[in-house]
Amino acid sequence: MSQRKRAADNKSRRPKVIPMRLDATFFFERAVQSLDRFHYDKALKYFRRAVEFEPENPVNHCNMAGILSEMGRYEESNAILRSVLNHIDPAMTECYYYLANNYANMELYEAAEEALVSYLEKDTEGQFLDEADELLELLSYELNRPTKITNIKSKENVFMHDKARELLESGRFSEAVKILETIIERQPDFLAARNNLGLAYYYMGLFDKSVKTISEVLEAEPGNLHALCNLAIFYQHANRESALRSLVEKLRKTIPFHPEHVFKLATTLGILGEHREAYRHFRRLLKTELSSEPSLYHFAAVAAINLGHFDEAERYWRQAGKLDSGSEVPAYYLGKMEQYRKGEEALPVHYHYHLPFEEQFRRWETNPELVSEALRRDPLIRSSFFWALRHGDRRTKVQVIQALGLVADEEVIESLKAFLIDADEEDELKRVAVLVLRSIGVQDALEVTFSGRTITLEARRKSARLPIWDSAWQAVLELALEKMTGRYDVVQQHDMMTLWVDFLSRVYPDVPKLNRTSGWAAALEYWTAKMHRKTITYADLVSRYGASQASISRYANRIDEACGIREKLDLTTPVFQ
């Protein structure tokens, strides 16, 4: 074999040398290996080399600070951590937690407290939240006082969500919506907040938005029980039978473990008319820690009676009465047991722990002041009214608008304003809503969609033909409204206001002196009654307004002269639409 060939063979048999790449990753891996063997000196050396290769990477600096802390070199560790916060990456808020730990180990408890508070108030992730709680407890013990914390940044959304739930439970739906929308904008994967947002939309009657929001929850988590239950209720109200059937089938096969989930499923199935499945779940719950809840016995009774189990239903309602002696609900249903047994009374199907709405409306008819109280304190009744505002028939909507006017809170104002710009609602209903808004003190301009065209209504106190609004004119209006309340509906009151503004506009600037407010107010009621074919006598007006018949008659004639009401009435053509 030639020398050249032997050299070539020797060369081919030499082992291949793979060049070693010395970079930050290489030294990081070596440092981790050293840490696993508890070789802290070597680990520190390798982390320093990693920092040299990537001086702008804050993680390498924090690793080095961590090793120094493990070695008890707390001041050196803190110097690195402060350098990260001041020069490299101020957003690396976990450094405050590391500082707090170091200070605590140095027994500098006030400095530790300051660093820990900075961590809690600035960190958005909450990676060391549990550990921070333990450290807080230690610091409180060492400093012999509680630590003052203004805000825990990582829990902001949780706190906001709790607040939104409280608002939902108290019936303040639009306020809850604002908070929940903010949470989801900041944390899109917060499914509980998205679920509650869907509920809030539903309570406000915004059906399409509620379904869309709940569907987004199910896209992210197809088995989310709360979302499935909520969507089933939505479909039932919208009469989407085919979609509802498949969803009910899925819910019937679901057997949750957590009591809260069992309760949600049971009430949903009950509302959907699946009383047998609901009853099975309610009986399960009666064996848990929820067995002291009176409402649970009521729900079990409703399910039982719809299955023909009258004795069980009566027993459950009696138990509910013992647990909640101040409630009218158990006594109401127990009082009807005989009718239920004989088939003389329709069985209750409402899985809500309050009197049936029919019974409440019957009581409201004799005591109207109870309406505003119920709307303020019962979120379920409140949500039903908001739903009816969007989905009830015309007569129901008029009643709801009037009832909401008795509450007159921010929630009502926002709902009625939204109603005004809904192109699908009748113009006449919107006129009623405008009157209610004005009557509860909303004086700013209002956006209204009339006949498909959006216009801006000026404040009530001014008219397009009245450059001013005199306090004497307002006094007449307010007195008339006061005396007519309870005798005339809101449409009729609206017509009275329209008549007054029409009269003033026609005679302006030669408006007569309004020295006798009561006479003018009575004259306005007189013509309002005539326009709506209501029986009215001067004797009645004299009695209620305290004005003379001569004054009322004289002012009624003045209004007629300007507005020509008699002539229009003779033609039997409705004028004030």
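Because only heavy atoms are used, hydrogens play no part in the values below, and waters and symmetry mates are left out as well, while side chains stay in.
- Atoms CG and NE2, on L265 and H226 in that order, are 10.0 Å from each other to the nearest 0.5 Å.
- Taking both residues in full, the closest heavy atoms of S518 and A547 are given as OG-CB, 3.6 Å, listed atom of the first, atom of the second, then distance.
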Item checked: Pair S548-S551, side-chain hydrogen bond (donor to acceptor under 3.5 Å, both in side chains): steps then yes or no -> CA-CA 5 Å; S548 68; S551 296; 2.9 Å; yes

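- D324 meets the salt bridge (Lys or Arg N to Asp or Glu O under 4.0 Å) test with no other residue; sequence neighbours excluded.
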Notebook entry, point to check: Please walk me through it: do W527 and R566 pass side-chain contact (heavy atoms from CB on, under 4.5 Å)?
Noted result: CA-CA 9 Å; W527 283 122; R566 279 196 181 90; 3.5 Å; yes

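- Counting heavy atoms from C-beta outward, V329 and H298 have side chains that approach closer than 4.5 Å.
- A salt bridge between E525 and R544 is present, with a side-chain N of the basic residue lying under 4.0 Å from a carboxylate O of the acidic one.
- For K530, there are no salt bridge (Lys or Arg N to Asp or Glu O under 4.0 Å) partners two or more places apart in sequence or in a different chain.
- A salt bridge links K417 and D444; the closest N-O separation between the charged side-chain nitrogens and carboxylate oxygens is under 4.0 Å.
- The two residues A522 and L541 come nearest to each other via the heavy atoms O-CD1, 3.8 Å.
- Looking only at distances, a side-chain donor or acceptor of S246 sits under 3.5 Å from a matching main-chain atom of A243.
- Side-chain contact between Y201 and I214 is absent, with no heavy atoms from C-beta onward closer than 4.5 Å.
- Rounded to the nearest 0.5 Å, atoms CG (L404) and CD1 (I413) are 11.0 Å apart.
- Note: S210 OG to I233 CD1 = 12.0 Å, rounded to the nearest 0.5 Å.
- Taking the centre of each ring, F282 and Y297 stay at or above the 6.0 Å mark.
- The closest side-chain heavy-atom distance from L499 to M531 is below 4.5 Å.
- Counting only distance, with no hydrogens or angles, the side chain of E425 and the backbone of T449 share no donor-acceptor pair below 3.5 Å.
- Looking at heavy atoms from C-beta onward, L244 lies in side-chain contact with L272 at the 4.5 angstrom threshold.
- Within the 3.5 Å criterion, the main-chain N or O of L524 finds a donor-acceptor partner in the side chain of T528.
- Of the possible donor and acceptor atoms, none in the side chain of N306 sits under 3.5 Å from a partner among the backbone N and O of H275.
- Using a 4.0 Å cut-off between a side-chain N of Lys or Arg and a carboxylate O of Asp or Glu, K397 and E426 do not qualify as a salt bridge.
- S215 pairs by the side-chain hydrogen bond (donor to acceptor under 3.5 Å, both in side chains) definition with nothing, not counting sequence neighbours.
- No more than 12 heavy-atom neighbours from other residues, nucleotides or ligands sit within 6.0 angstrom of CD on E185.
- For the atom pair CD1 (I401) and CG (L416), the distance works out to 6.5 Å, reported to the nearest 0.5 Å.
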Margin query: side-chain contact (heavy atoms from CB on, under 4.5 Å), that's the test. Do I179 and E175 meet it? Break it down for me.
Written below: CA-CA 7 Å; I179 294 175; E175 293 177 63; 5.8 Å; no

Validation: residues 190-199 side-chain donor-acceptor distances under 3.5 Å, sequence neighbours left out:
residue, atom, partner, partner atom, Å
R194, NH1, E216, OE1, 2.7
R194, NH2, P188, O, 3.0
N195, OD1, N230, ND2, 3.3
N195, ND2, N224, OD1, 3.1
N196, ND2, H161, NE2, 2.9
N196, ND2, A192, O, 3.3

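- The closest side-chain donor-acceptor pair between E241 and Y235, if any, does not fall under 3.5 angstrom.
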Next item on the list: Check the pair M160 / R186 against side-chain contact (heavy atoms from CB on, under 4.5 Å), numbers first and verdict last.
Entry: CA-CA 12 Å; M160 289 173 68; R186 286 161 39 171; 3.7 Å; yes

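- Under the ring pair (Phe, Tyr, Trp, His ring centres under 6.0 Å) criterion, F234 pairs with Y202, sequence neighbours left out.
- Taking the side chain as every heavy atom from C-beta outward, D540 and R487 approach each other to under 4.5 Å.
- With hydrogens and angles ignored, the 3.5 Å screen pairs a side-chain donor or acceptor of S505 with a backbone N or O of V501.
- Although no hydrogens or angles enter the test, the distance criterion places a donor-acceptor pair under 3.5 Å between the side chain of T267 and the main chain of K264.
- W520 is linked by a side-chain hydrogen bond (donor to acceptor under 3.5 Å, both in side chains) to nothing, counting only residues two or more places apart in sequence or in another chain.
- L228 has its side chain out of reach of T268: every pair of non-hydrogen atoms, C-beta onward, lies at least 4.5 Å apart.
- Remark: the E314 side chain and the Y333 side chain contain no N/O donor-acceptor pair separated by less than 3.5 Å.
- Under the 30°/60° scheme for interplanar angles, the aromatic rings of Y203 and F173 are found to be tilted.
- Residues R506 and D502 are in side-chain contact: their nearest non-hydrogen atoms beyond the backbone lie under 4.5 Å apart.
- Counted within 6.0 Å of CZ on R341, heavy atoms from surrounding residues, nucleotides or ligands total more than 12; the atom is thus considered enclosed.
- Contacts of Y526 classified as ring pair (Phe, Tyr, Trp, His ring centres under 6.0 Å), with partners at least two apart in sequence or in another chain: Y538.
- For K430, there are no salt bridge (Lys or Arg N to Asp or Glu O under 4.0 Å) partners at least two apart in sequence or on another chain.
- Formation of a donor-acceptor pair under 3.5 Å by the T182 side chain with backbone atoms of K178 is found in this model.
- Taken from SG in C229 to CG in L247, the straight-line distance is 8.0 Å, to the nearest 0.5 Å.
- Side-chain contact check for N515 versus K513: some heavy-atom pair is nearer than 4.5 Å.
- Enclosure of atom NZ in K250 is not indicated, since only 12 or fewer non-hydrogen atoms of other residues, nucleotides or ligands lie within 6.0 angstrom.
- With salt bridges taken as basic N to acidic carboxylate O contacts below 4.0 Å, none links D208 and K212.
- Applying ring-ring contact (aromatic ring centres under 6.0 Å, His included) to F299 and the options W317, Y316, Y353, F263 leaves one that passes, F263.
- Every residue meeting the side-chain contact (heavy atoms from CB on, under 4.5 Å) condition with A475, not counting sequence neighbours, appears here in chain and number order: T517.
- Considering only residues two or more places apart in sequence or on other chains, E260 meets the side-chain hydrogen bond (donor to acceptor under 3.5 Å, both in side chains) condition with none of them.
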Margin query: Applying side-chain contact (heavy atoms from CB on, under 4.5 Å) to D162 and V158, what does each step give before you reach the verdict?
Written below: CA-CA 6 Å; D162 289 342; V158 175; 4.2 Å; yes

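- How far CH2 of W500 is from CG of L481: 12.0 Å, rounded to the nearest 0.5 Å.
- Evaluation of the salt bridge (Lys or Arg N to Asp or Glu O under 4.0 Å) rule for E561 yields no partner, not counting sequence neighbours.
- Residues forming a side-chain hydrogen bond (donor to acceptor under 3.5 Å, both in side chains) with S415 (at least two apart in sequence, or on another chain): none.
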